[in-house]
Every structure is written in structure tokens, then in C-alpha cells.
Amino acid sequence: MSEFHKILSNWYKQNKRDLPWRLNKVPYYVWISEIILQQTRVDQGTDYFLRFIERFPTIDSLANSSENEVLKMWQGLGYYSRARNIHFAAQQIMNNFNGKFPVTYPEIRSLKGVGDYTAAAVASISFGLPYAAVDGNVYRVLSRIYGIATPTDSSKGKKEFSELAMQLLDKQNPGSYNEAVMEFGALQCTPRKPDCSVCPFEQQCVAFNRSEITKLPVKTNKIKIRHRFFNYLYLKHEKTIILEQRLENDIWQNLYQLPLIESLKALTLEELIVHEKFHSLFKTESITIESASNEILHLLSHQKLHVRFIEISLSKSEINKNWIKIAPELLHEYPIPKLIDNFLMEKNRNKME
DNA sequence: AAGGCGGGGCT
DNA sequence: AGCCCAGCCTT
């Protein structure tokens, strides 16, 4: 056992967390946990994992559910393509692998939503196969200990780090090795303010010895924020409410929302009612706005949404084709962005009073 | 190679 | 306000 493995495994024994997907390494559970944890903190994903496997205990039950049901379990977690891909991949397993979770790296990698990282994680943790999982934690830990300044979001960097990770991999215990590096990155070698005074790698850590902890890892990517203006219509028709599905290739794809008028800038109510999209939604001109909320700012990683809710009473003749008319009691069946859900919950609560 | 995709926590 | 999180897919 190399010095690196010795230090790491010793640290892991003392600091390993009890996480639900570590109790039972069946591939289905490991797979679901890895998808949920993509770009998602353990604290945020844990409850989702427990609810997901309770609702869909087997690959078969997942494959035979509707996409709406799967998206509903994902509501509030973000990056919803993960849920759509999980659903699709469950059907891949039923159709291509006879309902048995695939047992080789290339087969696992062929599942929709499973990239190099997730394939390596599942293959090593569930099947003991010698593949190094390289995630954000691994980039950070290796870049610091070995003093590597190659940008982790470049193809050169991805290649360099994955090759180093494969060299370091403990091929006798690839699963626990991968888990240990990631756990070390998550708990000890943290992105900001790591407590290097209690780090077992303090002696050999290149970044620490050069006082370059805050400089590593290097990322070049700079994200640009796009501003968007959403005017949501809360249309009341007798006791029902109106939803529509977002089918565009955009945020919240396939989730449901209130009918939306997006504009290029913030609109006054006067500007809204003469807006082209507003007119195209309604057959008659006699629409009156009952009330409108102030602008709510909703922040996404790449977008800043300026959102307003417009309340309108509707006559029956004005139900649009693409609109779904539902009773409020059925809202729990529809996957809805958290932003919309919060608004509707608030409306419902007021009604109860 | 670059851009798009959520929501939340931390500094 | 900016960065990051057990990344992946599309163009």
C-alpha cells in the first residue's frame, strides 16, 4: 500500500459519514445516489434519495412510471434533465439489459445521463471494478496535493487529472478509494478555508507548502448572467386554475407552470395588456387584471429571473387549447418549478383562511 | 470547445 | 455578489 493510500484510508476510517446509499451497495441505489449528487450537495440530496427509492423501489417500478411522476419526485432539486434521463435509462435497462443493471463499465456508461464520472463511481462502488471517479472533489484534492495548475474545465486538464487519478487508484479497493477521495474533498480539503492545520497531507501538499491553497484548483470558465422577464398569469376560472407545460428546450423542460408571457424588459400593466402575446392568448378584448404582484427576483446559476404574477378572472370562452384546467387539489400530481409552487401554495393558504 | 441547465449554502 | 456543489448533454 502506497503512502498516499495509507494516509487516505486512515483518514477515511476516522471521518467517514454514515450516508444512506452506503448501507447497501446495490447498483440501483448507488446509481440513483450518484445522479442526485451531480452538482448537488449531500445535505441537499439526501432526503431526495430516500424519498426517491421509497417511491421507486426497483428499476422496474421506475421504468413503468410516468415521466411526470419521476419529475414530481425531483421537484425543487434542479437540473431536471437528470430526472428525465433516469427515467429513460430505467427503460434502457429493461429493454437492453433484460431488467438487470449492467455490470461492465462500457454498458453502465451507455445509460442516458451517465458520464465518465458516474460510470466510474457505480462500476467501482457496486462492482469493484478499477475505474477512478473524477469529480469536483478529486480535481481539488489532486490539484492541491500535487500542485497542478492546469484548468480543470479544459480538455487538457480533464485528461491530465483522470490519468493521475487512474495511477493513484487503489485497484484492490477501487470503490472505497473513490469514496474516500471524494469524502476527503467534501469534508477536509474544502473549496474555501480548508483547515490545513489538521490535514494528514500537510507535509507533502504542494499547494500548502507554496501557500497556494486559495489558487488551486484553476478554473477558466466564466459564467454570464442572462436577465429574463417572466409575467405569469394566474387565471381563475370558477374553482379551477390553469397550467401549461414547458416543452421548449429551456429551463424547467417538461415541468408545468402558469401561462407565461416572457418579455424582453420589465413591463407595466398597461404595456402588458397591449402586448402581442397577451392578445394572442385571449379571444375577447375584455380582460381585466384584478391584481399584480411586485417583481420577484429568482436567481438561477446562469439567469436572473424578474418574475411577476398577474391575477385575472376568466370566462369560459377564453380557455386556450394548450392550457390544462385542473382543480387545485390535483396540483400535487404536477411537477412545478419551486417558484410557481411557492406562489400557488401561498394563494391556497389565503383561500383557506 | 463552449454553452446551457437549478437551487442552495457559504464567504 | 460571487463561487461551488459526488456532471452531463447538445451544438
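Side chains are part of it too, since the values below use all heavy atoms of this structure and drop only hydrogens, waters and symmetry mates. A note on names: the letters A, B, ... follow the listed sequences, proteins ahead of strands, and every chain is numbered from 1.
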- Value in whole Å for how far the C1' atom of C/dC9 lies from OH of A/Tyr117: 18 Å
- Query: At under 4.0 Å between heavy atoms, what does A/Glu183 touch on the DNA or RNA strands: base, sugar-phosphate, or nothing?
  - Reply: base
- Ignoring hydrogens and angles, answer whether the base of B/dC5 and the side-chain atoms of A/Arg82 contain a donor-acceptor pair closer than 3.5 Å. no
- In whole angstrom, give the distance that lies between atom CG of A/Leu300 and atom P of B/dG4. 13 Å
- Atom pair distance, as rounded to whole Å: CZ in A/Arg226 and C1' in B/dC5: 11 Å
- Query: Hey, does A/Arg84 reach any base, or is it just sugar-phosphate, or nothing, if we go heavy atoms under 4.0 Å?
  - Reply: nothing
- Message: Without decimals, in angstroms, what is the distance between A/Lys193 NZ and C/dC4 C1'?
- Response: 16 Å
- Message: Applying a 4.0 Å non-hydrogen cut-off, can you work out what A/Ile35 is touching in the nucleic acid: base, sugar-phosphate, or nothing?
- Response: nothing
- Message: If you count every heavy atom of other residues, nucleotides or ligands that lies below 6.0 Å from A/Leu264 atom CG, does the total exceed 12?
- Response: no
- Task: Indicate, with a heavy-atom threshold strictly under 4.0 Å, whether A/Trp74 touches base, sugar-phosphate, or nothing.
- Result: nothing
- Task: Determine the contact category for A/Asn178: base if any of its heavy atoms lies under 4.0 Å from a base atom, sugar-phosphate if only primed atoms, P, OP1 or OP2 are that close, otherwise nothing.
- Result: nothing
- I would like to know whether A/Tyr232 and A/Phe343 meet ring pair (Phe, Tyr, Trp, His ring centres under 6.0 Å); could you show each step before the answer? CA-CA 10 Å; A/Tyr232 274 122; A/Phe343 172 80; 8.6 Å; no
- Message: Considering every strand and a 4.0 Å limit on heavy-atom distances, what is the contact class for A/Thr40: base, sugar-phosphate, or nothing?
- Response: base
- When we call it a touch if two heavy atoms are under 4.0 Å apart, what does A/Arg22 touch: a base, just sugar-phosphate, or nothing? base
- Message: Students often get this wrong, so: under 4.0 angstrom with heavy atoms, is A/Val138 touching a base, only sugar-phosphate, or nothing?
- Response: nothing
- Whole Å only: how far is the CG atom of A/Asp43 from the C1' atom of B/dC10? 12 Å
- When you look at A/Tyr28 and A/Phe101, which way does the ring pair (Phe, Tyr, Trp, His ring centres under 6.0 Å) test go after all the steps? CA-CA 7 Å; A/Tyr28 176 59; A/Phe101 198 93; 7.9 Å; no
- Message: Whole angstroms only, please: what is the CD-C1' distance between A/Gln253 and B/dG6?
- Response: 14 Å
- Counting any heavy atom closer than 4.0 Å, what does A/Lys224 reach on the DNA or RNA strands: base, sugar-phosphate only, or nothing? nothing
- Sugar-phosphate, base or nothing in reach of A/Asp153, heavy atoms under 4.0 Å: nothing
- Query: Would you call A/Glu311-A/Lys236 a salt bridge at under 4.0 Å N-O?
  - Reply: yes
- Message: I'd like to know if A/Thr118 reaches the base of C/dG7 with its side chain, counting only an N/O donor and acceptor under 3.5 Å.
- Response: no
- Query: Nearest-Å distance, CD (A/Glu248) to P (B/dC5)?
  - Reply: 12 Å
- Among C/dC9, B/dG8, B/dC5, find the nucleotide with the atom closest to the side chain of A/Gln44. B/dG8
- Query: So, A/Arg228 and A/Glu262, do they make that salt bridge, N to O below 4.0 Å?
  - Reply: yes
- Closest to the A/Arg192 side chain, choosing from C/dA6, B/dT11, B/dG6: B/dT11
- Task: Would you mind classifying the nucleic acid contact of A/Gly185 as base, sugar-phosphate or nothing, using non-hydrogen atoms under 4.0 angstrom?
- Result: nothing
- Note on the structure: A/His302 NE2 to B/dG4 P, in whole Å, measures 7 Å
